[in-house]
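Hydrogens, waters and symmetry mates play no part in the numbers below; they use all other heavy atoms, side chains included.
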Amino acid sequence: SPSPPPPPSSPSPPPPPTMTIIAPTQKTVTLSISIPNTPDFSSSWNFNGQTITLSNIPTSTTTIKQLKKLLSQQLNHMPVNKMQFKNQHIGFCKDGSLLKDLGRCINEQDGDGDESVLMVDLVPKVRGGRK
């Protein structure tokens, strides 16, 4: 029987890297966060009734908690555990939720449709019950 061919002297080239195409499947969202005008918190956390916009947030990998961390930087380092996001359609958003899980709350933009908008209100957590 014929002998097997000798092994090649040079190593075979590595297989080409697998291309991960992100653009068409990676949905992003613009988050529009309404900050209350609350004098009790305005001096320490910049609660002056403004709206803060965070753009190009990936919906499939970003959690509510990660968004709170981003927002904290703009609100004078407000502690993440003092923040609650409230949406008119689903109520309070859980920290572990991914943005894609809030899909029915995201308004598709007119035009190219690539960028959607999620509108939430920031509600500070306060200790104690109702008075």
Side-chain angles (χ1 to χ4, degrees):
S1 68
S3 63
S9 57
S10 64
S12 61
T18 306
M19 294 295 289
T20 304
I21 300 172
I22 294 176
T25 57
Q26 180 71 303
K27 284 279 225 188
T28 60
V29 70
T30 294
L31 194 68
S32 179
I33 305 157
S34 177
I35 309 299
N37 188 0
T38 310
D40 296 351
F41 300 122
S42 63
S43 59
S44 52
W45 294 331
N46 302 331
F47 275 36
N48 301 313
Q50 73 274 37
T51 297
I52 295 177
T53 303
L54 303 173
S55 298
N56 296 316
I57 309 290
T59 59
S60 59
T61 55
T62 307
T63 64
I64 294 296
K65 189 164 193 170
Q66 289 169 317
L67 290 173
K68 289 179 180 180
K69 287 179 183 173
L70 286 172
L71 188 62
S72 172
Q73 297 164 12
Q74 298 190 37
L75 293 176
N76 207 18
H77 301 288
M78 178 182 185
V80 170
N81 64 343
K82 298 280 187 204
M83 296 181 194
Q84 297 180 98
F85 285 166
K86 188 174 184 182
N87 176 277
Q88 64 179 352
H89 301 293
I90 60 164
F92 289 103
C93 304
K94 293 183 172 58
D95 279 356
S97 297
L98 290 170
L99 286 182
K100 70 181 177 72
D101 300 334
L102 308 177
R104 63 188 173 151
C105 309
I106 296 174
N107 302 321
E108 293 291 336
Q109 284 285 71
D110 295 332
D112 59 14
D114 290 341
E115 188 76 5
S116 304
V117 178
L118 174 62
M119 301 178 77
V120 294
D121 297 322
L122 177 68
V123 180
K125 280 187 190 173
V126 290
R127 296 187 66 115
R130 294 189 177 139
K131 295 185 172 154

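- To the nearest 0.5 Å, atoms CG (Leu67) and OG1 (Thr62) are separated by 6.0 Å.
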Using residues 69-80 as the side-chain source, report each donor-acceptor pair under 3.5 Å to any protein atom, sequence neighbours left out, with the distance given to one decimal.
unit_1	atom_1	unit_2	atom_2	d
Ser72	OG	Met78	O	2.7
Asn76	ND2	Ser44	O	2.7

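- Scored by the side chain to side chain donor-acceptor pair (under 3.5 Å) test, Ser32 finds no partners at all (sequence neighbours excluded).
- To the nearest 0.5 Å, the span separating CD1 on Ile90 from OG on Ser97 amounts to 7.0 Å.
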Please step through side-chain contact (heavy atoms from CB on, under 4.5 Å) for the pair Thr63 and Leu98, ending with a clear verdict. CA-CA 4 Å; Thr63 64; Leu98 290 170; 3.7 Å; yes
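- Sorted by first and then second residue, the pairs that involve residues 87-96 and meet salt bridge (charged side-chain N to carboxylate O under 4.0 Å, His left out), not counting sequence neighbours, are Lys68-Asp95.
- One finds the CG atom of Asn56 at 10.5 Å from the CG atom of Leu54 (value rounded to the nearest 0.5 Å).
- Residue Thr51 holds its OG1 atom at 7.5 Å from CE of Met119, rounded to the nearest 0.5 Å.
- With sequence neighbours excluded, no residue satisfies side chain to side chain donor-acceptor pair (under 3.5 Å) with Gln50.
- Residue Leu99 comes nearest to Val29 through the heavy atom pair CD1-CG1, 3.5 Å, listed as atom of the first residue, atom of the second, then distance.
- Annotation: side chain to side chain contact (heavy atoms under 4.5 Å, CB included) contacts of Pro36 (sequence neighbours excluded): Thr38, Phe47, Leu122, Pro124.
- Cluster partners of Val123, by chain and number: Phe92. The rule joins Ile, Leu, Val, Met, Phe, Trp and Tyr whenever side-chain heavy atoms lie under 4.5 Å apart.
- A distance of 8.0 Å separates OG1 in Thr53 from CG in Leu31, rounded to the nearest 0.5 Å.
- For the atom pair CG (Asn46) and CD1 (Ile52), the distance works out to 8.0 Å, reported to the nearest 0.5 Å.
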